[in-house]
Chemist: 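Take this structure first; my questions come after.
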Amino acid sequence: MSKKLILIDGNSIAYRAFFALPLLNNDKGIHTNAVYGFTMMLMRIIEEEKPTHMLVAFDAGKTTFRHKTFTEYKGGRQKTPPELSEQFPFIRELLDAYQVKRYEIENYEADDIIGTLSLQAEKDGFEVKVISGDKDLLQLVSDRVTVDITRKGITEVDSYDPAAIDEKYGITPDQIIDMKGLMGDSSDNIPGVPGVGEKTALKLLKEHETVEKLLTAIDQVSGKKLKEKLEEFKDQALMSKELATIFREVPMEMAVTDLAYEGYDVDRLTALFKELGFNTLLEKLGYEGETVSEELENLDVTTVEEVTEDMLVSPSALIVELFDENYHHSDIIGFGLANESGEYFIPASVGLQSDVFVQWLEDQQAEKVVFDAKRSVVALKWKNIDIKGINFDILMASYLLNPADSNEDLSTVARTKGYSQVQTDEAVYGKGAKRKVPEEGDLAEHIVRKAVAVYHLKDAFYEGLKENEQLDLLMELELPLSLVLADMEAQGVRVDRNKLNDMGVDIKKRLEEIEQRIYELAGTEFNINSPKQLGVVLFEQLQLPVVKKTKTGYSTSADVLEQLQGAHEIIPYILDYRQLGKLQSTYIEGLKKVIYEETDKVHTRFNQTLTQTGRLSSTDPNLQNIPIRLEEGRKIRQAFVPSEPDWIMFAADYSQIELRVLAHIAQDKELIDAFQHDLDIHTKTAMDVFHVEKEDVTSNMRRQAKAVNFGIVYGISDYGLSQNLGITRKEAGKFIDRYLESFTGVKEYMEDIVHDAKSKGYVTTLLNRRRYLPEITSRNFNLRSFAERTAMNTPIQGTAADIIKKAMIAMSERLEKEGMKARLLLQVHDELIFEAPQEEIEKLQEIVPDVMENALQLDVPLKVDYAYGPTWFDAK
DNA sequence: TGTCACACGC
DNA sequence: GACGTACGTGTGACAA
């Protein structure tokens, strides 16, 4: 058996874990985030690497032999935060429970221990892997030694072997110390040569190999300044290199063979995890302990042979159980009922054929509590049953209370309220290929448990919403909306299959031509759809410059390819191939797969309980991302047609709804004024940001202003904006600053909302939708910044979502009231798509903008544009 | 079966 | 000074 040694830099990993994770507490108030992160990392290593030997090395004491060389070594370092120091004893305990050896020794750092052991192990024929957050360790890399450097978080790493180092730096592992010698390392207070950074250091090393060789040949170095610096700081460079060099002959009284890893001590580890409150990790250990007491209690299931009136009392919890995840055309496999009179399992055949039961379902006065109203409503619609009287939805309530922990499974939602008498669907049905209906007894029990859970949970969720002042949001907005959406989904959208086929044939032909052309230009045949193979062709065979890399190789994304335009004739063909390939696979073949044979319709499902902002999403098919930007793709919309002869498609969209919402929420005078005068908002933004008159706004200024507005609406960072505009981050930051100087109300709002979010822990929309932002107090810059941008953005995007949802309900009521045949079919975030008879066009042009613009009263007018035509394409 | 890179919409 | 940076869905490639 091959021998594999894992060497872990304990201090480094503990630091990484501490700073990467929010400051978790256990119930005794001990901070546990570093221990937790350390554990996650250990678990991963053991599982993935299956080491035969393992050791965790720690730094001992404050001074090492390096301080004799340079007293300021590691000077200026911040003291270890006490919240971290207190966790080290637990980390040691953790390692003991895992039965992983740990080691520290006076005068030496963890690096030196690792260096010494890796050298020994290499000689003894081990495969060695070193894990650290510190790139200094890269100098240990060899044919037998790989070094993993933690990337974001703690469980993701970049793995370095000699090739990877060459790829990243263009040098050998031995030269890492030379690089450090030249550029220094601020975290260890190693000085290096002033003015020399990574780029310069690498350039010098490519020509001169080592610091020593370089210093004997300073006169060959180009650049006067650089020469002088090298001359002046000769000794410092040599000393820096020495400091950076890992000492590989630490006198240790242990041999590599002493480090065998033979598995963890289950009892000890269980005890420790309990003490620390690592409940999910306990489960991973297969610990059942306390959960045993939460085992399902016995339940006597009454299987109903005939539904009788006395079973049907208000309110009732109702489960309409389906087998398929997609509820359209899905078979109903049973009903569950729980109320004051008892708990019942009603087999599908019994329920569907019972007049008493069906009448009860359709009775508006019979109050029903469900989990996922829309799912039940649509499934029953397919059975021609028009269920009414649903007045509470546990799933929706859970989502509104906290969109982050809404889960589609009742069992999971129930557990957030401490209720555990119901299993997950996955546990009962199995998953993937193994998914099947269990035998009737088990099925009946599961369904009844669900009904009981819903009945039991209603009050808790109701109270929760009341406390948050979110009852209206549920009862007046989301629940009525779910019925509107149910109609839209069940109605479906007609798709012209022949049109898709014709386009498919045409695109196939063109794809084949482009494919051949690409092979000719590449001089080889390969799979163009494989980014990996494409990368090899472009960047190795054709030697094009590498613009960007992904963690697995070369990036070949569209923005990279665009930068390579002109560098090779092949590029535009690849872009074309990508574009057409996307149309073919996703929008032609993909769409055809979900068209229902008998009706030529697609029935999407809008997920109403998913996004963190309150927007909807759409699946199977996703009708919210049908192409529009490029003419070629836009043609797909020609295949979306009315479902009745002589009808038309009618589309209406809000103009700049998010920015109008921003104007209102921020009460920004400039913005409000701009919208009250219906100015072109991007031009207006350009005028303010660039300080020019309207006549002097160039198209480029307007484009940049538009991107800034885009950034405001989507909460992107200066980096995001810079990527968008192809400018530097600094410039992007300046744009944002200038924007905020011009719109002072917005600036104040941004500051206030972040402050507000910090003190309350969440932000809200105008209609009281909530989003919690726990990371807004994180000490991790990334997490915190992200949460801050989210705090600014969510009230804007979420309020816009509130508004269009309100409009949808109002629209559906209005069409009903007016006795019109027009139907709402789709919602795409800021637009509504209808189909309608031609004779209703005139009326629609009047009422659609009217209803949408008046959905909610703001301090700025809402504006709606609309268009119609024989296909969705023409409604532009 | 799960993950990644990529591309589409807002 | 670096971090790694709107969301959501679907596709094909690829590794396990």
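Numbers restart at 1 for each chain; the letters A, B, ... are given by sequence-line order, proteins then strands. Note that the structure is a prediction, hence the values are computed from the model and not measured. Atoms considered below: every heavy atom in the structure, side chains included; atoms not considered: hydrogens, waters and symmetry mates.
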Chemist: With a 3.5 Å cut-off and no angle check, do the side chains of A:S132 and A:S12 form a donor-acceptor pair?
Modeler: yes

Chemist: Return the nearest nucleotide to the side chain of A:S717; candidates are B:dA7, C:dT5, B:dG9.
Modeler: C:dT5

Chemist: Keeping to residues at least two apart or across chains, list the side-chain hydrogen bond (donor to acceptor under 3.5 Å, both in side chains) pairs with something in residues 788-798 of chain A.
Modeler: A:T613-A:Q797, A:R615-A:Q797, A:K758-A:E788, A:R771-A:T794

Chemist: Can a donor-acceptor pair be found between the side chains of A:K374 and A:Y327 at a distance below 3.5 Å?
Modeler: yes

Chemist: Among residues at least two apart in sequence or on other chains, which ones pass side chain to side chain contact (heavy atoms under 4.5 Å, CB included) with A:F781?
Modeler: A:R784, A:S785

Chemist: Has the side chain of A:Q584 got a donor or acceptor atom that lies under 3.5 Å from a matching backbone atom of A:G504?
Modeler: yes

Chemist: Given C:dG8, B:dC8, B:dC10, identify the nucleotide with an atom nearest to the side chain of A:Q612.
Modeler: C:dG8

Chemist: Specify the separation, in whole Å, of atom CD1 of A:I736 and atom P of C:dT5.
Modeler: 17 Å

Chemist: For A:K431, answer base if it contacts any base atom (sugar-phosphate contacts may also be present), sugar-phosphate if it contacts only those atoms, and nothing otherwise; contact means non-hydrogen atoms under 4.0 Å.
Modeler: sugar-phosphate

Chemist: Atom NE2 of A:H829 and atom P of C:dA6: how far apart are they, to the nearest Å?
Modeler: 17 Å

Chemist: Taking atom C1' in both C:dA6 and B:dC8, what distance in whole Å separates the two?
Modeler: 15 Å

Chemist: Could you check whether A:K549 pairs with A:E167 (Lys NZ or Arg NE/NH1/NH2 to Asp/Glu carboxylate O, under 4.0 Å)?
Modeler: yes

Chemist: Reading nucleotides 9-16 of chain C from the 5' end, what letters show protein touch, with B for base, S for backbone sugar-phosphate only, - for no heavy atom under 4.0 Å?
Modeler: BBSSSSS-

Chemist: Taking the six-membered ring for Trp, is the centroid-to-centroid distance between A:Y739 and A:F735 below 6.0 Å?
Modeler: no

Chemist: Pick base, sugar-phosphate or nothing for A:Y719, based on heavy-atom distances below 4.0 Å to the nucleic acid.
Modeler: base

Chemist: Look at all strands and tell whether A:L583 reaches a base, only sugar-phosphate, or nothing, counting heavy atoms closer than 4.0 Å.
Modeler: nothing

Chemist: Assign A:G720 to base, sugar-phosphate, or nothing according to its heavy-atom contacts below 4.0 angstrom with the strands shown.
Modeler: nothing

Chemist: What is the separation between atom CD on A:Q656 and atom P on B:dC10, rounded to the nearest whole Å?
Modeler: 13 Å

Chemist: Whole angstroms only, please: what is the CD1-C1' distance between A:I628 and B:dC10?
Modeler: 10 Å

Chemist: With a 4.0 Å cut-off on heavy atoms, is A:S785 in touch with a base, just the backbone sugar-phosphate, or nothing at all?
Modeler: nothing

Chemist: Mind checking who B:dC6 pairs with, Watson-Crick or G-U wobble, both distances under 3.5 Å?
Modeler: C:dG10

Chemist: If the condition is side chain to side chain contact (heavy atoms under 4.5 Å, CB included), which residues does A:T604 pass it with, not counting sequence neighbours?
Modeler: A:F606, A:S618, A:P621, A:L623, A:L826

Chemist: If you check the A:Y587 side chain, which of B:dC8, B:dC10, C:dG8 turns out closest?
Modeler: B:dC8

Chemist: C:dT5 base stacked by A:F786? Criteria: ring centres under 5.5 Å, plane angle under 30°.
Modeler: no

Chemist: Atom CG of A:N793 and atom C1' of C:dC7: how far apart are they, to the nearest Å?
Modeler: 9 Å

Chemist: Mind calculating the distance between CZ (A:R637) and P (B:dC8) to the nearest angstrom?
Modeler: 13 Å

Chemist: Counting any heavy atom closer than 4.0 Å, what does A:D830 reach on the DNA or RNA strands: base, sugar-phosphate only, or nothing?
Modeler: sugar-phosphate

Chemist: Ignoring hydrogens and angles, are the base of B:dC10 and the side chain of A:R615 linked by a donor-acceptor pair under 3.5 Å?
Modeler: yes

Chemist: Which part of the nucleic acid, if any, lies within contact of A:T556, taking any heavy atom under 4.0 Å across all strands shown: a base, the sugar-phosphate backbone alone, or nothing?
Modeler: sugar-phosphate

Chemist: Any pair with a residue in residues 614-640 of chain A that passes ring pair (Phe, Tyr, Trp, His ring centres under 6.0 Å), sequence neighbours left out, goes on the list, sorted by first then second residue, please.
Modeler: A:F640-A:W872

Chemist: Could you list by number each residue of residues 727-734 of chain A showing a heavy-atom separation from DNA chain B of less than 4.0 Å, or answer none if no residue does?
Modeler: none

Chemist: Please report whether the ring centroid of A:Y577 lies less than 6.0 Å from that of A:Y573.
Modeler: no

Chemist: Ring of A:Y762, cation from A:R770 - is the NZ or CZ under 6.0 Å from the centre and inside 45° of the axis?
Modeler: yes

Chemist: State the pairing partner of C:dA2; accept Watson-Crick or G-U wobble contacts with both distances under 3.5 Å, and report none otherwise.
Modeler: none

Chemist: What's the gap between B:dA7 and C:dG4 when it is taken at their P atoms, as a whole Å value?
Modeler: 23 Å

Chemist: For A:D559 and B:dC8, what is the distance between atoms CG and P respectively, to the nearest whole Å?
Modeler: 12 Å

Chemist: Could you state the NZ-P distance from A:K551 to B:dC6, rounded to the nearest angstrom?
Modeler: 12 Å

